[in-house]
Amino acid sequence: MSSEFKHLVLVKFKEDVVVEDILKEMEKLANEIDVVKSFVWGKDTESHEMLTQGYTHAIVMTFNSKEDYEAYVSHPKDVEFSALFVTVIDKAVVLNFPAVTVKAPS
């Protein structure tokens, strides 16, 4: 049973935002802060617009524990980035949860 902790963000960016620049900053942050176990993001390309409710990107960060997640969000670099992030998003949904692994990668 995995005790990983996940940070999931669904985002709709503002119209004039250069999304690639924001994602590059997030990648840099994930690589600089050791407690981040993994970081993945993607842009929706397949879903029916009605199902996405306007959200275009999904971001998932994985941590070994809730404590590691808490260390990440209180890290000065993440605090600084979060202040920028809220200015470039139109809307977001955030879920933070202990992951239940049903089928692990082989």
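When the side chains of ILVMFWY residues are joined at heavy-atom separations under 4.5 Å, either directly or via intervening members, V40 and L95 end up in a single hydrophobic cluster. Two different hydrophobic clusters hold V93 and F13 under the rule that ILVMFWY side chains link at heavy-atom gaps under 4.5 Å. Using a 4.5 Å cut-off between side-chain heavy atoms of Ile, Leu, Val, Met, Phe, Trp and Tyr, with links allowed through other members, F97 and Y55 fall into the same hydrophobic cluster.
Shown here are the side-chain hydrogen bond (donor to acceptor under 3.5 Å, both in side chains) partners of H57, two or more places apart in sequence or in another chain: there are none.
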Checking N96 against V94 for the side-chain contact (heavy atoms from CB on, under 4.5 Å) test, could you report, in this order, the C-alpha distance in whole Å, the side-chain angles of both residues, the deciding distance, and whether it holds? CA-CA 7 Å; N96 299 300; V94 179; 3.8 Å; yes
Name every donor-acceptor pair, under 3.5 Å, that has one atom in a side chain of residues 74-91 and the other anywhere in the protein, sequence neighbours excluded.
from : atom 1 : to  : atom 2 : distance (Å)
S74  : OG     : E70 : O      : 2.9
S74  : OG     : A71 : O      : 3.2
H75  : ND1    : K77 : N      : 3.0
K77  : NZ     : E32 : OE1    : 2.9
D78  : OD1    : Y72 : OH     : 3.2
S82  : OG     : D78 : O      : 2.9
T87  : OG1    : L84 : O      : 2.5
D90  : OD2    : K12 : NZ     : 3.1
K91  : NZ     : Q53 : O      : 2.5

Show me the donor-acceptor pairs, under 3.5 Å and distance only, between side chains in residues 19-28 and residues at least two apart or in other chains.
from : atom 1 : to  : atom 2 : distance (Å)
E27  : OE2    : W41 : NE1    : 2.8

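Put simply, the side chain of V60 reaches to within 4.5 Å of the side chain of K6, judged on heavy atoms. Side-chain contact check for E4 versus K37: some heavy-atom pair is nearer than 4.5 Å. Using a 4.5 Å cut-off on side-chain heavy atoms (C-beta onward), L8 and I59 make no contact.
Not less than 6.0 angstrom separates the ring centroid of F63 from the ring centroid of F5.
Cluster partners of M50 are L51, counting Ile, Leu, Val, Met, Phe, Trp and Tyr whose side-chain heavy atoms approach within less than 4.5 Å, directly or via other members. Here V18 is tied to no hydrophobic group at all, with no ILVMFWY side chain closer than 4.5 Å.
Considering all non-hydrogen atoms of both residues, L10 and A58 come closest at CD2-CB, 3.9 Å.
The stretch residues 38-60 participates, sequence neighbours left out, in no salt bridge (Lys or Arg N to Asp or Glu O under 4.0 Å) pair at all.
Checking side-chain atoms of S65 against main-chain N and O of D68 turns up a donor-acceptor pair under 3.5 Å.
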